[in-house]
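Because only heavy atoms are used, hydrogens play no part in the values below, and waters and symmetry mates are left out as well, while side chains stay in.
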Amino acid sequence: MKKLIPLFIAILILGCKNDGVSEADVHFLNGYWEITEVEFPDGSVKTYGLNQNIDFIHLENGEGYRKKLQPKFDGSFDTSNDMEYFTLATTENEVALHYKSDFSEWEEQLVHIDSLIFSVTNPEGVRYTYKRFEPIKIPQ
């Protein structure tokens with residue numbers, strides 16, 4: 001039993017580890033992203049392969065927008081004029097994206113971000129993970 005106590009302590013410490021998302025990291029959000037998976041509160045996971053739609057995120061001075069795009073084989077994109085505007089809300093412990101549209105208002109907490117991947121969690125506990133979009137290159 002005494003041998004199990006250090007194991008339980010290590011698991012508890014690792015389980016409480018914070019990815020360390022800070023306001024200094026949010027510049028990584030700028031660019032093109034595609035969703036890779038959605039993890040639901042019950043532990044089930046939906047993974048995505050090839051995506052027909054990607055997200056373009058632009059952030060400047062704590063305000064930004066997210067726009068859905070459809071990549072084309074020539075490297076251009078089809079898009080609509082619809083955008084989801086957001087503002088950053090930072091506290092000592094978290095960075096959140098506050099979205100507001102004519103029809104709705106919602107929030108996502110940024111739980112991980114680096115130059116290649118980011119994840120957000122909504123208030124229902126659903127976690128969305130994205131990877132940096134890489135266009136498909138067809139040899140000519």
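Closest of all the heavy-atom pairs between E34 and G49 is OE1-O, 4.3 Å. Considering all non-hydrogen atoms of both residues, W33 and S115 come closest at CH2-O, 4.1 Å. Residues E84 and Y99 approach most closely at CB-CD2, 3.9 Å, considering heavy atoms. Considering all non-hydrogen atoms of both residues, P71 and F77 come closest at CA-CD2, 3.6 Å. Of all heavy-atom pairs spanning E124 and P41, the tightest one is O-CG, 3.2 Å. Closest of all the heavy-atom pairs between R132 and G31 is NH1-CA, 3.6 Å.
Within the 4.5 Å cutoff, side-chain heavy atoms of S101 are placed close to those of W106. Looking only at side-chain heavy atoms (C-beta outward), V26 and T90 stay at 4.5 Å or farther from each other. Residues N30 and H58 form a side-chain contact, since some pair of their non-hydrogen atoms from C-beta on lies under 4.5 Å apart. Between H98 and K100, the closest side-chain pair of non-hydrogen atoms is not below 4.5 Å. The closest side-chain heavy-atom distance from E39 to T129 is not below 4.5 Å.
Q109 CD to R127 CZ: the interatomic distance, rounded to the nearest 0.5 Å, is 9.5 Å. Between H112 atom NE2 and L110 atom CG the span is 9.0 Å, to the nearest 0.5 Å. Rounded to the nearest 0.5 angstrom, Q70 CD and S80 OG are separated by 9.0 Å. With rounding to the nearest 0.5 Å, the separation of CG in L59 from CG in N61 is 8.5 Å. Put simply, CG on L97 and CG on N122 are 12.0 Å apart, with the number rounded to the nearest 0.5 Å.
Every residue two or more places apart in sequence or in another chain that forms a salt bridge (Lys or Arg N to Asp or Glu O under 4.0 Å) with K68 is listed here: D55. Take F56 and apply the ring-ring contact (aromatic ring centres under 6.0 Å, His included) test, not counting sequence neighbours, and it matches Y32.
Y128 is connected to V21 through a chain of hydrophobic side-chain contacts under 4.5 Å among Ile, Leu, Val, Met, Phe, Trp and Tyr, so both are in one cluster. No path of Ile, Leu, Val, Met, Phe, Trp and Tyr side chains, each step under 4.5 Å between heavy atoms, connects Y130 with L69, placing them in separate hydrophobic clusters. Hydrophobic clustering places Y48 together with I57 (ILVMFWY residues linked when any side-chain heavy atoms are closer than 4.5 Å, directly or through intermediates). Hydrophobic clustering, with ILVMFWY side chains joined whenever heavy atoms are under 4.5 angstrom apart, groups V95 together with V126. Using a 4.5 Å cut-off between side-chain heavy atoms of Ile, Leu, Val, Met, Phe, Trp and Tyr, with links allowed through other members, V45 and I35 fall into different hydrophobic clusters.
More than 12 heavy-atom neighbours from other residues, nucleotides or ligands sit within 6.0 angstrom of CG on D42. Residue K131 places its NZ atom among 12 or fewer non-hydrogen atoms of other residues, nucleotides or ligands, all under 6.0 Å distant. Within a 6.0 Å radius of CD in E23, other residues, nucleotides and ligands contribute 12 heavy atoms or fewer.
Judged by a 6.0 Å distance limit and a 45° cone about the ring axis, R66 is not positioned over the six-membered ring of F118.
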Side chain to side chain contact (heavy atoms under 4.5 Å, CB included) between I117 and T36, worked out: CA-CA 9 Å; I117 295 172; T36 58; over 6 Å; no

From CA spacing to verdict: side chain to side chain contact (heavy atoms under 4.5 Å, CB included), F40, K46: CA-CA 8 Å; F40 299 94; K46 180 177 180 177; 4.2 Å; yes

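Of the possible donor and acceptor atoms, one in the side chain of D114 sits under 3.5 Å from a partner among the backbone N and O of L116.
Using modelled atom types, one finds no donor on one side chain facing an acceptor on the other under 3.5 Å when comparing T91 with N93.
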